[in-house]
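To start, the structure itself, in structure tokens.
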Amino acid sequence: MNRRAVVTAGTGGIGLETAVGLAAAGYAVTVVGRDAGRGGSAVERINAAGTAAEARFVTADLASLSEVRELADRVAADGALSVLVNNVGAMFDDRRVTPDGIEASFALNHLSPYLLTELLLPALRAGAPSRVVNVTSGSVRIPTGRIDTAERQGGYYGLHAYGRAKLANLAYTLDLAQRLKGDGISVFAADPGGAVTTMTTGTMSSARVVAPWLRPFWPLVHKAFQRTTSGTPAQAARSSVAAATDLALAGRPGLVVGPDGLPLSPPRRATDPRLAEAVRTLSRRLAPPMDGA
């Protein structure tokens with residue numbers, strides 16, 4: 001039986017390189033995205049590297065919780081799942097709201113992977129030993145304050161909102177790893193490090209993503225950031241591929257895997273049980289899994 005892997009936002013950038021790496025490792029890969037044209041091109045590239053069953057593309061807008069649920073149903077209908085890589089993520093330079101009425105950065109960067117993972121736990125248990133890989137970011141060190149609402153009080157600043165959502169997801173990831181001990185599902189976070197992506201060259205170039213006091217300096221800060229983030233998407237995908245496939249990580253769930261494939265120490269705040277509890281409560285309220293998990 002082929003080992004199955006699902007990669008969200010897998011039609012380009014880091015997600016596509018992750019899917020290629022998993023296909024080369026022998027997984028039958030399903031990539032998820034919004035654009036069928038990009039999906040077809042991605043499948044061709046993945047199949048060229050694959051050694052197992054042909055890849056496939058599934059259309060879903062993961063900003064919509066109803067579409068996340070539909071995606072979970074489609075994936076679960078195929079049976080046991082070996083690897084789930086939640087690669088989806090985005091930063092916005094202005095405040096946006098999803099069809100569910102939730103601030104878009106929090107919905108896409110945390111609630112979407114949270115809900116998809118919870119709904120696919122039965123399929124992952126059936127595919128055990130299996131792995132969940134949630135892609136994190138260095139931006140988790142930016143936010144301060146509580147995370148008991150989808151967005152903080154005050155003005156909207158895209159980089160802060162992104163970091164806040166990624167911190168919530170990292171806290172969830174580490175908490176889930178402990179919760180699933182003994183279930184045959186290993187949970188990891190993957191830190192891709194600095195890489196040239198459409199987000200780092202596009203959205204982050206806008207001074208609107210930071211607080212007003214920082215905006216006059218942002219062009220200089222962003223240029224300095226770009227000088228230190230010259231890695232390619234293929235290099236950035238190493239952390240996700242390693243977290244999904246490296247046998248040396250077996251029996252060590254709850255690790256943050258860095259760009260070199262080696263464990264990193266998570267920020268202390270992400271390990272705070274009070275944060276994990278707040279994120280758990282908020283997530284279940286905004287995106288309750290259908291099975292009540």
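- Checked by atom type, the side-chain pair Thr117/Asn86 shows a donor-acceptor distance below 3.5 Å.
- Grouping Ile, Leu, Val, Met, Phe, Trp and Tyr residues whose side-chain heavy atoms lie under 4.5 Å apart, directly or via other members, places Phe188 in a hydrophobic cluster with Leu249, Leu255, Val257.
- Taking 4.0 Å as the cut-off between side-chain N and carboxylate O, Arg56 and Asp78 count as a salt-bridged pair.
- The backbone N or O of Val75 lies less than 3.5 Å from a partner atom in the side chain of Arg4, making a donor-acceptor pair.
- Between Leu275 and Ile147, the closest side-chain pair of non-hydrogen atoms falls below 4.5 Å.
- Of the possible donor and acceptor atoms, none in the side chain of Arg125 sits under 3.5 Å from a partner among the backbone N and O of Leu120.
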- Message: Could you go through Val85 and Leu22, starting from their C-alpha distance and side-chain angles, then the distance that decides it, and tell me whether this counts as side-chain contact (heavy atoms from CB on, under 4.5 Å)?
- Response: CA-CA 10 Å; Val85 180; Leu22 291 176; 4.1 Å; yes
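- Between Thr136 and Pro192, the shortest heavy-atom contact is O-CD, 3.3 Å.
- Here the OG atom belonging to Ser239 is positioned 12.0 Å from the CG atom belonging to Asp246, to the nearest 0.5 angstrom.
- Residue Leu286 holds its CG atom at 11.5 Å from CD of Glu103, rounded to the nearest 0.5 Å.
- In this structure, Tyr114 and Arg284 have side chains that are in contact, with non-hydrogen atoms separated by less than 4.5 Å.
- Annotation: side chain of Thr30 is not in contact with side chain of Arg74 (no heavy-atom distance under 4.5 Å).
- Under the 4.5 Å side-chain criterion, counting only non-hydrogen atoms from C-beta, Leu170 is in contact with Pro267.
- For Asp183 (side chain) and Ile185 (main-chain N/O), no donor-acceptor pair under 3.5 Å exists by modelled atom type.
- In the hydrophobic clustering of this structure, Tyr27 does not group with Leu81; members are Ile, Leu, Val, Met, Phe, Trp, Tyr whose side-chain heavy atoms approach within less than 4.5 Å, directly or through other members.
- Residue Glu17 forms a side chain to side chain donor-acceptor pair (under 3.5 Å) with just one option from Arg238, Arg45, Gln235, and that option is Arg45.
- Taking 4.0 Å as the cut-off between side-chain N and carboxylate O, Arg280 and Asp175 count as a salt-bridged pair.
- The closest donor-acceptor contact from the side chain of Arg152 to the backbone of Arg146 lies at 3.5 Å or more, if one exists at all.
- Annotation for Ala242 and Gly261: closest pair CB-CA, 3.9 Å, computed over non-hydrogen atoms.
- Heavy atoms from other residues, nucleotides or ligands lying under 6.0 Å from CD of Glu277 number more than 12.
- By the neighbour-count criterion of 12 heavy atoms within 6.0 Å, atom CZ of Arg95 is densely surrounded, having more than that number from other residues, nucleotides or ligands.
- Residue Phe57 is not grouped with residue Leu62 when hydrophobic side chains (ILVMFWY) are merged at heavy-atom distances under 4.5 angstrom, including chains of intermediate members.
- Here the side chains of Thr245 and Val83 are not in contact, with every heavy-atom distance at 4.5 Å or above.
- A salt bridge links Arg96 to Asp94: at least one charged side-chain nitrogen sits closer than 4.0 Å to a carboxylate oxygen.
- Between Glu118 and Arg69, none of the side-chain N atoms (NZ, or NE/NH1/NH2) sits under 4.0 Å from a carboxylate O, so this pair counts as no salt bridge.
- To the nearest 0.5 angstrom, Arg268 atom CZ is 12.5 Å from Arg141 atom CZ.
- A donor and an acceptor atom, one from each side chain of Ser66 and Glu70, are nowhere located under 3.5 Å apart.
- Ser240 and Val135 get closest at one heavy-atom pair: OG-CG2, 3.6 Å.
- In this structure, Ser64 contributes its side chain and Asp61 its backbone to no donor-acceptor pair below 3.5 Å.
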- Could you walk me through whether Glu151 and Phe106 pass side-chain contact (heavy atoms from CB on, under 4.5 Å), step by step? CA-CA 7 Å; Glu151 52 190 317; Phe106 195 81; over 6 Å; no
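- For the residue pair Ser186 / Arg131, no side-chain donor-acceptor distance below 3.5 Å is found, with atom types taken as modelled.
- Atoms OH and CG, from Tyr162 and Leu167 in turn, are 12.5 Å apart once rounded to the nearest 0.5 Å.
- Residues Asn47 and Ala55 approach most closely at OD1-N, 2.7 Å, considering heavy atoms.
- Residues Tyr172 and Leu116 are members of one and the same hydrophobic cluster, defined by side-chain heavy-atom contacts under 4.5 angstrom among Ile, Leu, Val, Met, Phe, Trp and Tyr.
- From Leu71, atom CG reaches atom CG of Leu115 across 10.0 Å, with rounding to the nearest 0.5 Å.
- For Ala53, the side-chain contact (heavy atoms from CB on, under 4.5 Å) partners are Asn2, Ala28, not counting sequence neighbours.
- Side chains of Asp35 and Thr11 form no contact here, defined as non-hydrogen atoms less than 4.5 Å apart.
- For the residue pair Asn134 / Thr173, a side-chain donor-acceptor distance below 3.5 Å is found, with atom types taken as modelled.
- At a threshold of 4.5 Å between non-hydrogen side-chain atoms, the residues Pro266 and Leu174 count as touching.
- Taking 4.5 Å as the limit, some side-chain heavy atom of Val32 sits within range of a side-chain heavy atom of Val6.
- Across all their heavy atoms, Ser283 and Val279 have their closest contact at OG-O, 2.7 Å.
- When all heavy atoms of Ala165 and His110 are compared, the pair lying nearest together is O-CB, 3.6 Å.
- In this structure, Asp191 contributes its side chain and Ser137 its backbone to no donor-acceptor pair below 3.5 Å.
- Taken together through direct or relayed side-chain contacts under 4.5 Å among Ile, Leu, Val, Met, Phe, Trp and Tyr, Val241 and Val132 form parts of separate hydrophobic clusters.
- How far CD1 of Ile46 is from CG of Leu16: 5.5 Å, rounded to the nearest 0.5 Å.
- In terms of hydrophobic clustering, with Ile, Leu, Val, Met, Phe, Trp and Tyr side chains grouped at heavy-atom distances under 4.5 Å, Leu84 and Val68 are assigned to a common cluster.
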